[in-house]
Amino acid sequence: MAEPFEPFRKDLLAGKTTLITGGGSGLGRSMALRMAGLGARVAVVGRRQEPLVETVEAIRKAGGAAASATCDVRDPEAVAKALDTVEGELGPVNQLINNAAGNFLSASEDLSPNAFNSVVQIVLYGTFHATREVGRRLIERKQKGEILAIVTSYVYSGSAFVLPSAAVKAGVLAMMRSLATEWAVYGIRTNAIAPGPFPTEGAFSRLMPGSELEKQALRRVPGKRFGEHWELTNLVAYTMSDASPYQTGDLVTIDGGEALFSGQQFAGFAHLDRASAKEMMAALKPKK
Ligand code: HXC
Ligand code: NAP
């Protein structure tokens, strides 16, 4: 367990009005609370009203400004309407975090076209709809802004048994990188963050069923622990702030070294007792 660390000025995000898709639960909720705590006005959207209302109440209780609207990001008109609603309460949105996602475990040959489509619609189309809507409003108003997409650490490699997610997260990364050059002229920065495993009910109930899979996942992290939400939200806050105006088209991985570990042939040695590992390596050294 890592102790929360406060590196920022309390007004780091003053002047920012941030729309977070899927901001009512999991990592999105943690981002919403953290950003509001640093002075951003925060709007959360998702399909279920209850978690959105709860998140807004938690932000307001802590002294922040927040609003919510229900929408399914698969529906471009619903996204525009939700944006109208929250802008009516908070003023013009100048930041977007594409966080909403759908994912589940399945052998790829067993996926129905509709199962594939549901993840493609939420992640790829949902990101496009929200990004286009926020982007065109920023351009129209001649306002600068920041857009972030939460992808995953398998965005480069792909991943077995989550094929729809792997395919669309790569697409979302390409979207952010394409816009980094296209929208730089408007002062809009677009970036992506790739988390490794961070416990949430939504992800872990679908992707880590049973303690055995969770144990296996832990073994792939060199530090043998999952990420804590504050570690991710610090990175998100920095990326979305004016502390990083030159950062665009970037992908930052935050996974405790998990992706590297998985790709390194001899990484398993790091899990052996170090004295025994050294003894084994010394035994292989030619004698003089
Ligand atoms: C196979 C499945 C399935 C499963 C649903 N389907 N779940 N197929 N295995 N586990 C199929 C259904 O049978 C249906 O196809 C189609 O998918 C659509 O299902 P619906 O239930 O109608 O979809 P919908 O209500 O739109 O829900 C979308 C969802 C759901 C993606 C299926 O899981 C959801 O709402 N997820 C949101 C939250 C989420 O997934 N969070 C995890 C994010 S974690 P048919 O053919 O029968 O009609 C993440 C990265 C984690 O992204 C990285 C590592 C830890
Ligand atoms: P989560 O708890 O399941 O949250 C997903 C959120 O997205 C929910 O609030 C959900 O709300 C919303 N959502 C889903 N479908 C939607 C739709 N069609 N329209 C609008 N909102 C929708 O998942 P999480 O673990 O916090 O993940 C958040 C992000 O981090 C995702 O992009 C995920 O891919 C990424 N990520 C997570 C992990 C991890 O270990 N947790 C690792 C890597 C990447 P409703 O259901 O109410 O709509």
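In each ligand, atom 1 is the first atom listed, and ligand 1 is the first ligand listed. Residue numbers count from 1 along this sequence.
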What is the nearest protein non-hydrogen atom to [atom], stated with its residue, atom name and distance?
atom: atom 46 (O) of ligand 2; answer: R47 NH2, 3.0 Å
atom: atom 12 (C) of ligand 2; answer: G22 CA, 3.5 Å
atom: atom 32 (O) of ligand 2; answer: N99 O, 2.7 Å
atom: atom 37 (C) of ligand 2; answer: L27 CD1, 3.7 Å
atom: atom 44 (C) of ligand 2; answer: V151 O, 3.1 Å
atom: atom 23 (O) of ligand 2; answer: T200 OG1, 4.1 Å
atom: atom 30 (O) of ligand 2; answer: I150 CG2, 3.3 Å
atom: atom 19 (N) of ligand 2; answer: V73 N, 2.9 Å

Using a strict 4.0 Å cut-off to heavy atoms of [X], name the atoms of ligand 2 that fall inside it.
X: D72; value: 17 (C), 18 (N), 19 (N)
X: G202; value: 1 (P), 2 (O), 3 (O)
X: K169; value: 31 (C), 32 (O), 33 (C), 34 (O)
X: A101; value: 7 (O), 14 (C), 15 (N), 31 (C), 32 (O), 33 (C), 34 (O)
X: F198; value: 39 (C), 40 (O), 41 (N)
X: S25; value: 2 (O), 4 (O), 8 (C), 9 (O)
X: C71; value: 19 (N), 20 (C)

Given the rule that I, L, V, M, F, W and Y join up when any side-chain heavy atoms are under 4.5 Å apart, are [X] and [Y] in one cluster?
X: L232; Y: L12; result: yes
X: V44; Y: V236; result: yes
X: V134; Y: Y186; result: yes

Check: Among G196, A217, P197, whose heavy atom sits nearest atom 42 (C) of ligand 2?
Finding: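 Checking each option, the heavy atom nearest atom 42 (C) of ligand 2 is found in G196.
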
Next item on the list: Give the single entry among G102, G126, A203, A100 that approaches atom 7 (O) of ligand 2 most closely by any heavy atom.
Entry: A100

Look at the side chain of [X] and the backbone N and O of [Y], then say whether any donor-acceptor pair between them is shorter than 3.5 Å.
X: R189; Y: Y246; value: no
X: T200; Y: G26; value: no
X: D72; Y: D75; value: no
X: N94; Y: G145; value: no
X: T85; Y: K81; value: yes

Checklist line | Non-hydrogen atom of R29 closer than 4.0 Å to ligand 2 | finding: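 The answer is no, since R29 has no heavy atom less than 4.0 Å from ligand 2.
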
Check: Is E201 near ligand 2, meaning one of its heavy atoms is under 4.0 Å from it?
Finding: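 Heavy atoms of E201 never come under 4.0 Å of ligand 2.
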
Item checked: Side chain, backbone, both or neither: R74 near ligand 2, heavy atoms under 4.0 Å ->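 The part of R74 near ligand 2 is the side chain, not the backbone.
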
Checklist line | Ring center gap for F266 and F261 short of 6.0 angstrom | finding: no

So, [X] and [Y], do they make that salt bridge, N to O below 4.0 Å?
X: R141; Y: E87; answer: yes
X: D250; Y: R177; answer: no
X: E258; Y: R219; answer: no
X: D242; Y: K144; answer: yes
X: K16; Y: D11; answer: no
X: E6; Y: R34; answer: yes
X: E54; Y: R29; answer: yes

Notebook entry, point to check: What does the list of residues with a heavy atom under 4.0 Å from ligand 1 look like, ordered by chain and number?
Noted result: R47, R74, A101, G102, N103, F104, L105, S112, N114, A115, S118, I122, T152, G202, A203, R206, L207

